[in-house]
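Atoms within each ligand, like the ligands themselves, are counted from 1 in listed order.
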Amino acid sequence: MGLGHVAMAAVSAEAAKSRFGPFALNAQAPDEGNMHTLLHWATDEQKQIYLRPLCDGRTRSCFAMTEPEVAGSDPTLIQTRAVPDGDEWVVNGHKWFISGARGAKFAILIAKTEDGPEIPQAGNSAFLVDLPAPGWEIVRDVETMSGGHNHCEIRITDLRVPADRMLGGRGQGHLLGQARLGPARLAHCMRWLGQAETALDMMVDRATQRFSHGSLLSEKQGIQWLIADSAMELYQAKLMVLHAAYLIDQKADFRSEVSMAKHFVANALGRIIDRAIQVHGALGYSTDTPLAQMATQARWARFADGADEVHQWRIAQRTIDAYQRDGSTRAATGDLPL
Ligand SMILES: Cc1cc2nc3c(=O)[nH]c(=O)nc-3n(C[C@H](O)[C@H](O)[C@H](O)COP(=O)(O)OP(=O)(O)OC[C@H]3O[C@@H](n4cnc5c(N)ncnc54)[C@H](O)[C@@H]3O)c2cc1C
């Protein structure tokens with residue numbers, strides 16, 4: 001529809017008020033991130049084969065990078081290996097937590113192709129893999145604290161991928177990852193805004209109806225503080241997402257702002273849902289409301305697509321750099337004119 005990221009913030013936040021909203025709009029992870037990736041990196045032929053049906057909602061896809069044996073936070077450690085063999089690549093390796101793998105028509109697969117690259121990050125390449133394929137075995141759907149949600153473990157054995165299915169150039173996996181992860185992380189934040197707003201709505205709804213010790217919960221200062229803290233955090237979260245989305249739309253450097261938004265919104269989401277559960281008492285702990293499910297879903301937000309600590313490391317690095325370069329930290333706090 002030609003919507004930019006600021007406009008998508010409104011769409012995705014609204015869609016995520018229902019668990020199935022993003023799917024109804026075909027704006028769910030990981031397909032949405034894969035659409036962006038293909039739009040920017042695929043050849044015209046690859047776009048026709050993979051992007052068009054994905055946008056039309058006729059296919060689904062997955063993104064396969066994380067491995068059980070090595071830290072997903074550090075892609076230079078990736079062990080899945082692709083070796084050229086004539087007009088094909090032969091891939092062997094092991095992946096897990098590959099969302100949407102079951103039923104996916106294709107995967108964007110990250111594998112090591114380069115030995116001794118100029119910079120350590122330039123050792124990986126991306127491949128488009130048609131699925132199902134001989135050599136691509138779904139071992140299991142990894143059961144999580146919120147159940148099984150098609151986050152699969154994959155064993156890759158002598159998988160053959162035609163050379164023209166490489167996405168981007170050799171050793172460009174990290175560039176592709178960076179281009180993908182900024183907007184994809186922010187798209188998560190947009191959906192989390194919708195979840196956080198739902199939790200706050202539920203908190204206020206319950207507080208204005210539940211009566212205890214002579215007054216409604218909403219009339220008690222202790223509960224008002226929970227509501228006020230949540231309202232302030234949601235407001236901050238919305239502003240951070242809108243600003244980061246604006247920077248992406250402007251093609252400006254968005255890395256710090258997306259990192260700060262990802263960290264802040266993920267943590268605010270957990271706190272707001274937790275307060276909503278507290279105000280609901282036993283009902284909040286039950287599965288009679290969506291809050292319990294929302295809480296376990298929210299937990300992964302703090303480490304998937306960049307763990308809190310890795311974002312904090314990068315944010316601190318950029319803040320120190322800004323001060324050493326400009327004599328001021330302003331550029332690292334959104335570079336706003338104030
Ligand atoms: C629900 C869900 C869906 C996912 N979907 C996908 C998917 O579709 N495709 C895919 O490829 N992956 C997917 N992942 C994997 C996800 O991207 C990884 O979990 C993430 O990259 C972190 O990697 P890891 O789990 O190996 O943790 P590790 O890298 O082992 O990190 C563990 C912890 O160590 C700490 N840590 C790591 N590095 C540092 C550092 N430099 N400084 C300080 N502390 C540090 C952090 O606390 C971090 O949480 C998914 C995960 C979940 C939970």
Practice prompt. Between Ala29, Gly72, Cys152, flag the one that comes closest to atom 23 (O) of ligand 1 by a heavy atom.
Written response: Gly72
Worksheet item: Can a donor-acceptor pair be found between the side chains of Tyr323 and Arg330 at a distance below 3.5 Å?
Response: no
Worksheet item: Can you tell me the protein heavy atom closest to atom 28 (P) of ligand 1 and the distance?
Response: Ser73 OG, 3.6 Å
Worksheet item: If you measure from atom 14 (N) of ligand 1 to every heavy atom of Trp313, Trp300, Phe97, which option wins on shortest distance?
Response: Phe97
Fill in: Atoms in ligand 1 flagged as close to Ser99, the criterion being non-hydrogen separation under 4.0 Å
3 (C), 4 (C), 5 (N), 6 (C), 7 (C), 8 (O)
Item to complete: Examine Thr66 against ligand 1 and note whether any of their N/O atoms are separated by less than 3.5 Å.
Response: yes
Worksheet item: So with a 6.0 Å cut-off around CZ of Arg255, is the heavy-atom count from everything else above 12?
Response: no
Worksheet item: What do you think, any protein heavy atom under 4.0 angstrom from atom 32 (C) of ligand 1?
Response: no
Discussion item. Applying a strict under-4.5 Å side-chain criterion to I, L, V, M, F, W and Y, I'd like to know whether Ile315 and Phe264 cluster together.
Written reply: yes
Practice prompt. Scan the protein's non-hydrogen atoms and note whether one is under 4.0 Å from atom 25 (O) of ligand 1.
Written response: no
Worksheet entry | ligand 1 versus Glu309: contacting region, heavy-atom distance under 4.0 Å | side chain
Worksheet entry | Residue, atom name and distance, where the atom is the protein heavy atom closest to atom 39 (C) of ligand 1 | Val310 CG2, 3.7 Å
Practice prompt. Before signing off on this row, confirm whether His151 and ligand 1 have an N or O atom pair separated by under 3.5 Å.
Written response: no
Discussion item. Return the CD to SG distance between Glu32 and Cys55, rounded to the nearest 0.5 Å.
Written reply: 10.5 Å
Item to complete: Would you mind checking which non-hydrogen protein atom is closest to atom 20 (C) of ligand 1, with the distance to 0.1 Å?
Response: Phe303 O, 3.7 Å
Item to complete: Tell me whether the centres of the aromatic rings in Trp300 and His149 are closer together than 6.0 Å.
Response: no
Discussion item. Counting C-beta onward and ignoring hydrogens, is there a side-chain heavy-atom pair between His36 and His5 closer than 4.5 Å?
Written reply: yes
Practice prompt. Examine the proximity of ligand 1 to Asp74 and report which part, side chain or backbone, both or neither, has a heavy atom under 4.0 Å away.
Written response: neither
Discussion item. Measuring only between side-chain heavy atoms, which start at C-beta, is Thr80 closer than 4.5 Å to Lys112?
Written reply: no
Item to complete: May I ask you to check if ligand 1 and Ala304 share an N or O to N or O distance below 3.5 Å?
Response: no
Item to complete: Using only heavy-atom distances, determine whether the side chains of Asp305 and His188 contain a donor-acceptor pair under 3.5 Å.
Response: yes
Worksheet, complete the sentence: Atoms of ligand 1 under 4.0 Å from any heavy atom of Ala71, numbered from 1 in the order shown, are 26 (O), 29 (O), 30 (O)
Worksheet, complete the sentence: Ala307 heavy atoms within 4.0 Å reach ligand 1 at atoms 46 (C), 48 (C), 49 (O)
Fill in: Beyond-backbone contact of Arg165 with Ile49, side-chain heavy atoms, under 4.5 angstrom
yes
Discussion item. Walk me through whether Phe127 and Ile108 qualify under side chain to side chain contact (heavy atoms under 4.5 Å, CB included).
Written reply: CA-CA 6 Å; Phe127 297 91; Ile108 298 178; over 6 Å; no
Worksheet item: Passes side chain to side chain contact (heavy atoms under 4.5 Å, CB included), Gln46 versus Leu38? Steps please.
Response: CA-CA 8 Å; Gln46 291 171 343; Leu38 290 168; 5.5 Å; no
Worksheet item: Considering only heavy atoms of Phe63, which atoms of ligand 1 have at least one such atom less than 4.0 Å away?
Response: 7 (C), 8 (O), 9 (N), 10 (C), 11 (O)
Discussion item. Using heavy-atom distances only, which candidate in Asp308, Asn34, Asp305 approaches atom 17 (O) of ligand 1 most closely?
Written reply: Asp305
